[in-house]
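Keep in mind it's a predicted model, so treat the numbers as computed, not measured.
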Amino acid sequence: LKNKAMGLLEKVRLEHRFNHKPAELSGGEAQRCAISRALINSPKVLFCDEPTGNVDSEMSREIYDLIYNISVDENMAVVVVSHQQVATSFADSEYYMRDGELKKISDLANIKVSEINI
């Protein structure tokens with residue numbers, strides 16, 4: 001299990017932080033660490049709830065690149081819940097929820113993501 005954990009830390013570029021405590025990690029490092037924890041049991045689907053909520057736009061892009069690359073490498077589906085539009089550039093499908101109804105974005109004629117009030 002320790003070898004698998006080290007492999008995952010390498011995958012998220014945190015192997016150099018192996019012996020650090022959570023309080024010693026930056027926001028981006030903490031998010032990448034959370035991704036590695038979520039992958040330890042080799043899930044078929046990775047669920048991400050606001051994976052870039054506490055990081056700047058540059059780190060947000062890096063985290064989404066990382067999630068995308070891992071999903072391709074591991075042949076894994078990813079479900080991302082986010083208010084950030086950067087997530088949409090990685091998506092095969094986009095949905096939004098309003099008043100308890102889930103709608104596929106492509107099913108909506110003439111509507112822009114920025115016009116959806118969630």
Should we say atom CG of Asp73 is surrounded by more than 12 heavy atoms from elsewhere, each under 6.0 Å from it?
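Counting neighbours around CG of Asp73, more than 12 heavy atoms of other residues, nucleotides or ligands fall under 6.0 Å, so yes.
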
With a sphere of 6.0 Å drawn around CD of Glu58, does it hold more than 12 non-hydrogen atoms of other residues, nucleotides or ligands?
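No.
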
Could you give the distance from [atom1] ([X]) to [atom2] ([Y]), rounded to the nearest 0.5 Å?
| X | Y | atom1 | atom2 | result |
| --- | --- | --- | --- | --- |
| Arg61 | Asp56 | CZ | CG | 13.5 Å |
| Met76 | Lys44 | CE | NZ | 10.5 Å |
| Ser26 | His20 | OG | NE2 | 11.0 Å |
| Ile35 | Lys11 | CD1 | NZ | 12.0 Å |

Looking at side-chain heavy atoms only, is the closest gap between Leu39 and Leu46 below 4.5 Å?
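Yes, side chains in contact.
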
Minimum heavy-atom distance between Leu8 and Ser36, given as atom pair plus value
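Residues Leu8 and Ser36, closest heavy atoms: CD1-O, 3.4 Å.
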
Output yes when Glu62 and Arg13 qualify as a salt bridge under the 4.0 Å nitrogen-oxygen rule, no when they do not.
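The answer is yes: the pair qualifies as a salt bridge.
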
Salt bridge flag under 4.0 Å for residues Glu94 and Lys104:
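Not counted as a salt bridge, because no side-chain N and carboxylate O are separated by less than 4.0 Å.
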
Under the rule for salt bridge (charged side-chain N to carboxylate O under 4.0 Å, His left out), what residues qualify as partners of Arg37, not counting sequence neighbours?
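Once residues adjacent in sequence are excluded, Arg37 has no partner under the salt bridge (charged side-chain N to carboxylate O under 4.0 Å, His left out) criterion.
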
Check whether Phe18 and Val12 end up in the same hydrophobic cluster, where Ile, Leu, Val, Met, Phe, Trp and Tyr are linked by side-chain heavy atoms less than 4.5 Å apart.
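Yes; Val12 is reachable from Phe18 via cluster members.
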
Step by step, would you call Val79 with Cys48 a side-chain contact (heavy atoms from CB on, under 4.5 Å)?
CA-CA 6 Å; Val79 176; Cys48 302; over 6 Å; no

Is there a donor-acceptor pair closer than 3.5 Å between any side-chain N or O of [X] and the backbone N or O of [Y]?
| X | Y | result |
| --- | --- | --- |
| Lys4 | Ile40 | yes |
| Gln31 | Gly28 | no |
| Arg32 | Gly27 | no |

